[in-house]
Amino acid sequence: MDKVSMPSNFIKSIISGDVRSGQTPQVVTRFPPEPNGYLHIGHAKSLCLNFELAAEFGGRTNLRFDDTNPLKEDEEYVRAIEEDVRWLGFEWASLCFASDYFEEMYERARLLIQKGKAYVCDLSAERIRETRGTLTVPGQESPFRNRGVEENLELFTHMKRGEYADGAKVLRAKIDMASPNLNMRDPVLYRIAHAVHHRTGDAWCVYPMYDYAHPLGDAIEGVTHSLCTIEFEDHRPLYDWVVRECEMPNRPRQYEFAPLNLPNTVTSKRKLKQLVSERVVDGWDDPRLPTLSGLRRRGYTPEAIRNFERAIGVSKSNSIVDERMLEHFVREDLKLKAPRTMAVLRPLRVVVINYPEGQMEWLEAENNSENPDLGTRTVKFSRVIYIEQDDFMDNPPPKYFRLYPGNEVRLKHAYFIRCEEVVRDADGRVAELLCTYDPETKSGSGFSGRKVKGTIHWVSADDAAPAEFRLYEPLVRDGATDESDSMLTRINPNSLEIVQGFVESSMKSAKPYDKFQFFRHGYFSADPKLTTPDRLVFNRVVSLKSSFGV
Ligand code: ATP
Ligand code: MG
């Protein structure tokens, strides 16, 4: 990973203070996904924060799977998450699983029981909820709250041995049913689930709850700064309680930051899962999804995502980031990296009638006018070419500088052509254009006889490669954020448009993920699943910012 300096933020200041005071000799952070879905652009914020901050202070970061809910988790997600983290450019110090600590967590729970700090409760989940009270009403103590230590130890052992049905009993912390913080009202630490875990199989049928497992995982790994999103702020007293009462030698501290929210972007795992399972999209890596695998397939680069995350900053207050910022960063990243080539998405045939039949020539074209290091290529010019359908108009409005009957334009890297005649089909639609070219006007020849206002792109008909282009709009619309539940009613029916056109022959051998700036169309990336040696499929990553006339 490149060493980068993260712009200052309140968490960086805290860490920096702890390092300077000697309280934290080595910074240790962790990224703790639950393997119940794929990572998305919001997770990337947490990833960047954890990995980049630790690296900046010479520390390390673990990748820890919070695999405490076997009913929702799967090995597929573990593999996908590892791939995404690596792709973003992060190397974890240790690969950890909360399930690796089940034995220790269980022993620490017994310690809590022995200290009179935990008890087995027979109330149903519903009853526990009902007796929890509200912000204004204190909770009611469970009738099982005052069970003796011996009885609790025995019942907990029976729970572990699988002698009770799911939901029959739980282990609860004994804290304070009147606490103003609802999380402290005897929270559940363990529940029974007779389920096969993707790593521990059927070894366990009691599973620790997040609020118990997370602080212990952090403490076991020696995490110094445990960063999480703001909704866990009210859980911090419980986090500290667990670390303290379980007598963990290490004392990690939890800090909360605001999650990333983007309008018109689905980042709830539950909703993403729904989109995938109801086949609204083509899998977790559909290029319309904000998952890291979707963004990767679309053509986003790790650099663009990391620069974006760095730029949006870290604070405690929720704010919605404009999704166009992410687009800005991918344009910035690809601007100098991607060759600028020509693709015709909706072809219109043009015959250059004064260019001799059978003749052809190779014209020199620079690959990136702002980056000479990308060198040059040649493009073939011949009598029949394709241009973009909307680069011609029969009756143009004022200030339309592209082709119309009698008008002259520049063909990028080639000659001026003038539209002499429009050939129509039986229905009166434009079928092809007959044009003339002026050999004097060859690009790079220094011709200065006259000027034209429009430059259009083209490909030679006998040399171009057929290609499919996939153009995207937001999957959901109306500026709504992820909070609202009406997401599936806001699906944009035009989120994917597929068109068939041509690319210049230099792109015939494009490989998955190869990126180009198609003149006037934007940045495109070869689709990794659909591109084969015989088929070219390009995803539009993002359009060009410049609006081009009409
Ligand atoms: P859920 O808990 O509902 O399954 P989640 O998105 O919180 O979903 P986790 O796997 O728990 O998923 O997330 C891993 C880490 O990423 C957590 O530390 C979480 O706080 C952080 N994270 C999740 N969503 C965002 C977001 N939108 N912005 C920043 N960080 C996030
Ligand atoms: Mg979570």
Side-chain angles (χ1 to χ4, degrees), residues 6 9 11 29-54 61-74 76-82 84-85 88 90 92 96-99 198 208-211 213-215 217-218 221 223 225-236 239 252-276 284 289-293 295 305-306 308-321 323 325-326 481-483 485 487:
M6 178 172 277
N9 60 60
I11 295 180
T29 60
R30 85 291 171 261
F31 176 69
E34 183 179 355
N36 63 351
Y38 280 55
L39 298 183
H40 55 64
I41 187 75
H43 294 114
K45 178 174 180 178
S46 174
L47 273 162
C48 291
L49 193 59
N50 280 296
F51 278 92
E52 292 180 357
L53 271 182
T61 304
N62 292 344
L63 174 59
R64 181 192 329 133
F65 287 98
D66 231 321
D67 55 347
T68 53
N69 186 357
L71 296 169
K72 289 194 176 159
E73 296 158 3
D74 197 89
E76 175 201 347
Y77 301 129
V78 172
R79 280 192 299 269
I81 289 170
E82 287 182 32
D84 288 346
V85 174
L88 265 191
F90 298 124
W92 49 85
C96 309
F97 293 83
S99 55
H198 64 100
M209 304 301 288
Y210 174 89
D211 281 329
H214 204 83
D218 285 345
E221 289 170 22
V223 167
H225 297 79
S226 177
L227 314 180
C228 64
T229 39
I230 204 83
E231 69 268 26
F232 292 102
E233 193 167 26
D234 290 345
H235 296 238
R236 192 179 343 125
Y239 182 101
R253 299 295 310 266
Q254 174 181 302
Y255 299 95
E256 309 86 16
F257 62 93
L260 170 65
N261 278 308
L262 292 167
N264 298 319
T265 306
V266 183
T267 49
S268 138
K269 269 190 205 161
R270 186 173 56 80
K271 290 178 191 165
L272 286 168
K273 232 177 204 167
Q274 199 182 345
L275 289 169
V276 172
W284 285 95
L289 292 182
T291 52
L292 296 183
S293 52
L295 291 167
I305 293 174
R306 284 167 56 175
F308 163 75
E309 304 288 356
R310 218 169 278 141
I312 58 174
V314 180
S315 80
K316 266 187 165 312
S317 51
N318 274 309
S319 65
I320 293 181
V321 174
E323 70 266 43
M325 241 177 109
L326 182 59
T481 57
D482 216 21
E483 255 79 284
D485 239 1
M487 179 197 79

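Counting starts at 1 for both ligands and their atoms, in listed order.
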Keeping to residues at least two apart or across chains, list the salt bridge (charged side-chain N to carboxylate O under 4.0 Å, His left out) pairs with something in residues 41-50.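 For residues 41-50, and leaving out neighbouring residues, there are no salt bridge (charged side-chain N to carboxylate O under 4.0 Å, His left out) pairs at all.
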
Lys273 atom NZ, neighbour heavy-atom count above 12 within 6.0 Å: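 Yes, enclosed.
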
Report the part of Ser268 in contact with ligand 1, treating N, CA, C, O as backbone and CB onward as side chain, heavy atoms under 4.0 Å; options are side chain, backbone, both, neither.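 No part of Ser268 is near ligand 1 at this cut-off.
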
What atoms in ligand 1 come closer than 4.0 Å to a heavy atom of Phe31?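 With Phe31 as reference, the close atoms of ligand 1 come out as 15 (C), 16 (O).
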
Numbering as shown, the atoms of ligand 1 that approach Thr229 to under 4.0 Å (heavy-atom distance):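 What qualifies from ligand 1 is 20 (O), 29 (C), 30 (N), 31 (C).
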
Do His214 and Ser226 touch side chain to side chain, with heavy atoms closer than 4.5 Å?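 The answer is yes; the side chains approach within 4.5 Å.
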
Would you check, one step at a time, whether the test side-chain hydrogen bond (donor to acceptor under 3.5 Å, both in side chains) holds for Asp67 with Ser99? CA-CA 6 Å; Asp67 55 347; Ser99 55; 2.6 Å; yes

Going by heavy-atom distance to atom 8 (O) of ligand 1, choose the closest among His214, Lys269, Glu309, Lys273.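 Shortest heavy-atom distance from atom 8 (O) of ligand 1: Lys269.
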
Regarding ligand 1, does Gly42 bring an N or O atom to under 3.5 Å of one of the ligand's N or O atoms?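 By distance alone, the answer is yes.
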
Taking distance alone, with no angle check, do Lys45 and ligand 1 share an N/O pair under 3.5 Å?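 By distance alone, the answer is no.
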
Does Phe257 have a non-hydrogen atom less than 4.0 Å from ligand 1?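 Flag set, Phe257 near ligand 1.
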
Does the residue Asn36 have a heavy-atom contact with ligand 1, meaning some pair of atoms that are separated by less than 4.0 Å?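 A heavy atom of Asn36 does come that close to ligand 1.
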
Distance flag, aromatic centroids of Tyr239 and His235, threshold under 6.0 Å: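 They do not qualify: ring centres at least 6.0 Å apart.
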
Identify, with sequence neighbours excluded, every residue that meets ring-ring contact (aromatic ring centres under 6.0 Å, His included) alongside Phe97.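 Phe97: ring-ring contact (aromatic ring centres under 6.0 Å, His included) contacts with Phe65.
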
